[in-house]
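Written out below as structure tokens is the structure these notes cover.
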Amino acid sequence: MPGKKLHTDSGIEVKEVYTKADLVVPDSPAPGEFPYTRGVQTDMYRGKLWTMRQYAGFSTAEESNERYHYLLSQGVMGLSVAFDLPTQIGYDSDHPLAEGEVGKTGVAIDSIEDMQTLFKGIRLEDVSTSMTINATGYILLAFYTALAKQQGADLKKITGTIQNDILKEYAARGTYIYPPKPSMRIITDIFEWCSHELPKWNTISISGYHIREAGSTAVQEIAFTLSNGKAYVQAAMAKGLDINVFGKRLSFFFNAHNNLFEEVAKFRAARKMWATIMKELGATDPGAMKLRFHTQTGGSTLTAQQPMNNISRVTVQTLAAVLGGTQSLHTNGYDEALSLPTEEAARIALRTQQIVAYESGAPDTADPLAGSYFVESLTHAVEEEAWKLMRQIDVLGGSVSAIEQGFIQEEIARSAYEYQRQIETGEKIIVGVNKFQVEDTGSIPVFRVDDSIRQIQVEKLAALRKRRDPARCDSILQDLNDKAASGENIMPVVVEAVENFCTLGEIADTLREVFGEYK
């Protein structure tokens, strides 16, 4: 009697054994060669390890600054900033809708002064900073640029990334402000402005991470993310921007889950697919065809039950990202199903990356799983399934149209439901949750953010508004209103606004008046 059928999380059947006959494609070109299935550099980690980041940000800029200095002292190579919900959706901390949310999911940034505090004692020329910010990405980039100028930095040397991926907000996450079309216009303004002012800055991190966190499969994660990427490229080209210039500054952000081989196959397939898409859109510079990506281990895979087990999960996910050829990696703290990570949990998460980097041998050769009958077959299967989904999106008129019609949201919801059903029926085993449970005896120390944070921010804002020149602020905000309405690039005036102490909420509200809000 044959054994029961097994499938990956994307529903791809896994055979009992794979042989040479399962290799659909002949050998892939070497790492560093088109279509980059095997990696975007010829020597991969032999030349340079991935950037080890730790995502951090909570309460006030002062407290987050302390955590950054601690992480840098522990060997972190790049900073990654989490912002609170009011900052993400364009409200100052003293706005009525900000109550109860200030400093909770990340750091509260209301003005250039908060940004100065956040990076106190850190030279922006010396670090690469990633900022997980979308609807207000243009304002945070302006804060960062203004601070770099104050530090006397050479803007041509400033490196980092703003997530700036609004399409996945409509599809999966929900922190949008403006409707899709004006949001796309802001993003292309950023592309254009950075190509002159911040040439090394990654202007967008096209994000599959939150699509996966919302319940998508691995196949859906890359299909929807690459479709969004294609929409951004087409919008930029429609504005007259050169694909070979802005294409080099696009980066991606993926999730790493527990199914080790499917995740490696996903990363390999995504590189090949993106190179193909960019070539078809007219890119001729190899740098514009290479899919460079940051990875974060899967937040939704962490369990509140037996949380120490999450250290093992994060280790498997770290291996998936490294074997899959990531350029940058954040590892989650074991306690994140309970609270923001404590300092101890953040240190263990960083040590997990360092052990894989320096003790496991995984980075010693480029694309070590290449040629595996299973991995090569799975890479091909993931790619084929993802192309099918992308063709459906193209028929609907592309990502923006597919989101407006609810197609992408419905597909994700269906997958999330199916995954939960499998856990509840026991078809899918989650250790410590639906099997191998124990009576909970010990308690894990959790990280708490004090509710008094809001009062601190409110007082800072009141003091700032007393000190600044109100007539100057009104004049600049009027100028921003005019440029937004006329279609001119808004970035120069946004930088001027933050330099003159206009707040995040005031700038976001000015564009709300012009563009309206997406409901």
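Throughout, residue positions are numbered sequentially from 1 according to the sequence presented. Given the structure is predicted, the values throughout are model-derived calculations rather than measurements. Every heavy atom of this structure was used, including side-chain atoms; hydrogens, water molecules and symmetry mates were not.
Ionic pairing of Glu499 and Lys149 is present here: one or more N-O contacts between side-chain nitrogen and carboxylate oxygen are shorter than 4.0 angstrom. With salt bridges taken as basic N to acidic carboxylate O contacts below 4.0 Å, one links Lys428 and Asp9. Under the 4.0 Å criterion applied to side-chain N and carboxylate O atoms, Glu263 and Arg212 are assigned as salt-bridge partners. In this structure, Arg268 pairs ionically with Glu376, as a charged nitrogen and a carboxylate oxygen lie closer than 4.0 Å. Between Lys104 and Glu101 no salt bridge is recorded (no basic side-chain N to carboxylate O distance below 4.0 Å).
The only member of Thr145, Leu141, Ile190, Thr159 that meets side-chain contact (heavy atoms from CB on, under 4.5 Å) when paired with Trp201 is Leu141.
Residues forming a side chain to side chain donor-acceptor pair (under 3.5 Å) with Ser216 (at least two apart in sequence, or on another chain): none. Tyr170 meets the side chain to side chain donor-acceptor pair (under 3.5 Å) test with Ser183; sequence neighbours excluded.
If you check the side chains of Arg313 and Thr303, you find a donor sitting under 3.5 Å from an acceptor.
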Let me have the donor-acceptor pairs involving side chains of residues 272-279, under 3.5 Å, with sequence neighbours excluded, atom names and distances please.
{"unit_1": "Lys272", "atom_1": "NZ", "unit_2": "Glu383", "atom_2": "OE1", "d": "3.2"}
{"unit_1": "Thr276", "atom_1": "OG1", "unit_2": "Lys272", "atom_2": "O", "d": "2.8"}

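In terms of modelled atom types and a separation under 3.5 Å, the side chain of Asp22 and the main chain of Ser377 share no donor-acceptor contact.
By the 4.5 Å heavy-atom criterion applied to side chains, Leu147 and Phe143 are not counted as neighbours.
Within a 6.0 Å radius of CZ in Arg46, no more than 12 heavy atoms belonging to other residues, nucleotides or ligands are found. No more than 12 heavy-atom neighbours from other residues, nucleotides or ligands sit within 6.0 angstrom of NZ on Lys435.
Taking the six-membered ring wherever Trp is involved, the centroid distance between the rings of Phe253 and Phe293 does not fall below 6.0 Å.
Using bins of under 30°, 30° to 60° and over 60° for the plane-to-plane angle, the ring pair Tyr45/Trp50 lands in the perpendicular bin. Using the six-membered ring where Trp is involved, Phe254 and Phe252 have ring planes that are parallel, under 30° apart on the 30 and 60° scheme.
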